[in-house]
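First the structure, in the form of structure tokens, and then the observations on it.
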Amino acid sequence: MRVPVIAGNWKMYLTPEEGRDMVVALGPLLAACRGREIVVCPPFTALATVATGLVGSNVRLGAQNMHAAPEGAFTGEIAAGMLKALGCAYVILGHSERRQHFCETDAMVAEKTRAALAADLIPIICVGETLIQRENGITQPVVEIQVRGALTGLPPEQLRRVIIAYEPVWAIGTGRTASATDAQNGCAFIRSVVRALDTGAADLVRILYGGSVKPENVQELMNGTDIDGALVGGASLKADSFARIVRYEEQ
Ligand code: 13P
């Protein structure tokens, strides 16, 4: 039985105060919510204030990126241990915006995945095809290379802890959600790739869908048998809409 995960990726939005206010408003809306992991991933600058706003809540903290080294002369970067010290339990890795704008490669995502797990952070590894790749019919090979690139060689006990987010690039921030069938097929394919790496891990690894998830479409997406949750961008910035997504079965 895989516990569903609903994670909010705030991207480069919300100041420290706005972030804290958001989670203070979110807490009571989700206080009675059981049976899922709820995560918010603010920008680095808001992690500390959001952590104070989350005290006593069932919502957990994640970051949006990290460097693979434990420390060092890497101006502008943040290490896994620093995130852990601020109360993070999760970290998003390899988001398509990082691959596209900051030249992140599968090799970098693999290195960060290992460093995150070594620091006891749960990596949320993002994969997904661009519109051109989809139109050229190469979605599956692209996604397979990304999944294998991040996970190959991980010891079985570590592989089981990772979360994978299938985020078709063309569905991110566009309002163009993948159909429930496409989302399910994408997540099922990812599970088959994990199965080829480690049979036992395939039924344990949580696979999320991301890309224009909203209160109106989350329930249909969550019906997919291989969809174990959602990675939500824009609709995670407001307490009310994020809470409605987390409580998807009440829609
Ligand atoms: P949107 O929900 O705004 O499309 O963003 C998805 C995303 O990139 C989450 O990581």
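Order of listing sets the numbers, starting from 1, for every ligand and every atom in it.
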Proximity flag K214 to ligand 1, non-hydrogen atoms under 4.0 Å: no
Salt bridge D106-R148, side-chain N to carboxylate O under 4.0 Å: no
Heteroatom proximity flag, T174 to ligand 1, N/O under 3.5 Å: no
Protein heavy atom at shortest distance from atom 2 (O) of ligand 1: G233 N, 2.9 Å
Interfacing atoms of ligand 1 (cut-off 4.0 Å, heavy-atom, L231): 9 (C), 10 (O)
N/O donor-acceptor pair under 3.5 Å between N58 side chain and L30 backbone: yes
Which residue and heavy atom of the protein sit nearest atom 4 (O) of ligand 1, plus the separation: G173 N, 2.6 Å
R191/D203 salt bridge by N-O under 4.0 Å criterion: no
Identity and distance of the protein heavy atom lying nearest atom 9 (C) of ligand 1: E167 OE2, 2.9 Å
Side chain R114, main chain A150, donor-acceptor under 3.5 Å: yes
Proximity flag S212 to ligand 1, non-hydrogen atoms under 4.0 Å: yes
Within reach of ligand 1, part of N9 (heavy-atom separation under 4.0 Å): side chain
S212 backbone acceptor or donor facing N217 side chain under 3.5 Å: yes
Side-chain hydrophobic cluster, 4.5 Å single linkage: members besides L231: V5, V39, Y90, I92, I122, I124, I163, L208
Side-chain donor/acceptor of R36 to backbone N/O of V246, under 3.5 Å: yes
Atoms in ligand 1 with a heavy atom of A171 nearer than 4.0 Å: 4 (O)
Nearest neighbour in protein (non-hydrogen) for atom 3 (O) of ligand 1: G234 N, 2.9 Å
Under the side-chain hydrogen bond (donor to acceptor under 3.5 Å, both in side chains) test, residues paired with R176 that sit two or more places apart: none
Residue portion contacting ligand 1 (non-hydrogen atoms closer than 4.0 Å) for C126: neither
